[in-house]
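Report on the following structure.
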Amino acid sequence: MRIATWNVNSVRARLPRVTAWLDAVRPDVLCLQETKATDADFPRAEFETLGYRVESFGQPSYHGVAIVSREPLTGVFRGLPDAAPDEDRRLIGGDLRGVRIVGVYVPNGTEVGSERFAAKLRWFGRLRAMLEAATKPGEPLVVCGDFNVAPEERDCHDPDAWRGRILFHPDERRALVQLMDWGLVDLFRLHEEGAGHYTWWDYRGGAFRLGQGLRIDLMLASAALARRCRSVVIDREARKGERPSDHAPVLAEFAEDPGGG
DNA sequence: ATGGTTGCTTAGCAA
């Protein structure tokens, strides 16, 4: 089974690129973040033409997540369990062939020390509480998406410059560690130890051309699923060319469950 | 250097 995640920064603005990528790669599942479309405005037909189903949890203008998959997900859930009715739409999940898949768009935080920054830190704790309440240890689980924090120095092109900034502040990295301490493994690091592998480059200042990126799009998995992970690839090619997202997609491959299913 | 770019929705916000 192959599962991908991509912050597309508007599914409508990115539609030709996303559908072309999907048709070329043909993953079983693609989790989308920053769809920036209501469920009614999601360009569903273009995905269905390619043989994919769409589960969307969107809102106008900002944020929004979705999962597209070749087979239907079961037990689809939308939002954190303790979310207020008017809260930003940042989480969607469901089950496929015995694997629980959760797509997340962690709040950016906007500015270190702001109320939004505090809410970002709390969001990691709320996600952990959801896993504790709803997921059994030993269950195959992947939590993937835009975490808006680079885990380690090797995930940041200039750690000294970024240490106190949003996306690489020590408080954010600590919040991520506390989430992962529930029992989540950074799948990319099972296969690659080196620095210089990024998933996001700021639109401003020619960051992509200059190699100034951060690895903030992650696939985190329980041990039960991590042991089945065969590869994780960041598709930098998808960040090139005309009108790209500021994020590259990440694709993971898993061996089938030896227990069947 | 408190800059720069992009998208949504139409001037300001969020990222």
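Quantities reported herein were computed from a predicted structural model and do not represent experimental measurements. In what follows, chains carry the letters A, B, and so on, assigned in the order in which the sequence lines appear, proteins first and then strands, with residues in each chain numbered from 1.
- Contact annotation: A:Thr110 does not reach the phosphate of B:dA14 (side-chain N/O to OP1 or OP2, under 4.0 Å).
- Neither OP1 nor OP2 of B:dT2 sits under 4.0 Å from any side-chain N or O of A:Arg165.
- For the pair A:Phe117 CZ and B:dA14 P, the computed distance is 17 Å after rounding to whole Å.
- Side-chain polar atoms of A:Asn7 and A:Glu34 form a donor-acceptor pair below 3.5 angstrom.
- Atoms CG (A:Asn7) and C1' (B:dA15) sit 9 Å apart, rounded to a whole Å.
- Note on ring orientation: taking the six-membered ring where Trp is involved, the planes of A:Phe42 and A:Phe47 are tilted (angle from 30° to 60°).
- Across all strands, A:Arg209 comes closer than 4.0 Å to no nucleic acid atom at all (heavy-atom distances).
- Counting only distance, with no hydrogens or angles, the side chain of A:Arg239 and the backbone of A:Trp201 share a donor-acceptor pair below 3.5 Å.
- At B:dA15, none of the side-chain N or O atoms of A:His247 fall inside 4.0 Å of OP1 or OP2 (strictly under the cut-off).
- At a threshold of 4.0 angstrom between heavy atoms, the contacts of A:Arg14 are confined to the sugar-phosphate backbone, with no base atom among them.
- Taking 3.5 Å as the limit, the base of B:dC13 and the side chain of A:Tyr62 contain a donor-acceptor pair of atoms between them.
- Within the cation-pi definition used here (under 6.0 Å to the ring centroid, within 45° of the axis), A:Arg173 qualifies as a partner of A:Phe168.
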Next item on the list: Apply side chain to side chain contact (heavy atoms under 4.5 Å, CB included) to A:Val11 and A:Lys36, showing your working.
Entry: CA-CA 7 Å; A:Val11 68; A:Lys36 295 187 175 180; over 6 Å; no

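- In this structure, A:Gln59 atom CD and B:dC13 atom C1' are separated by 13 Å, rounded to whole Å.
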Next item on the list: Kindly determine whether A:Tyr203 and A:Phe208 satisfy ring pair (Phe, Tyr, Trp, His ring centres under 6.0 Å), including the steps that lead there.
Entry: CA-CA 8 Å; A:Tyr203 281 127; A:Phe208 183 70; over 10 Å; no

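- Distances were taken from every side-chain heavy atom of A:Arg12 (C-beta onward) to each of B:dC8, B:dA15, B:dT6; the shortest belongs to B:dC8.
- Where A:Pro60 and A:Asp146 each meet DNA chain B at their nearest nucleotide, the meeting point lying more 5' is that of A:Pro60.
- Put simply, CD on A:Glu34 is 8 Å from C1' on B:dA14, counting in whole angstrom units.
- Of the candidates B:dT5, B:dC8, B:dA14, the closest approach to any side-chain atom of A:Arg204 belongs to B:dT5.
- Rounded to the nearest Å, the gap between the C1' atom of B:dG3 and that of B:dA15 is 16 Å.
- Taking atom CG of A:Asp202 as the reference point, atom C1' of B:dG7 lies 14 Å away to the nearest angstrom.
- In terms of position along DNA chain B, the nucleotide closest to A:Thr35 lies nearer the 5' end than the nucleotide closest to the other residue of the pair A:Asn148 and A:Thr35.
- Rounded to an integer number of Å, the gap from A:Asn9 CG to B:dC8 P is 8 Å.
- One interatomic measurement links the two molecules: OH of A:Tyr203 to P of B:dC13, which rounds to 21 Å at whole-angstrom precision.
- Residue-level contact check: A:Phe208 touches neither bases nor backbone, having no heavy atom under 4.0 Å from any strand.
- Between the CH2 atom of A:Trp162 and the P atom of B:dT2 there is a distance of 17 Å, rounded to whole Å.
- Not one side-chain nitrogen or oxygen of A:Arg243 sits closer than 4.0 Å to the OP1 or OP2 atom of B:dT6.
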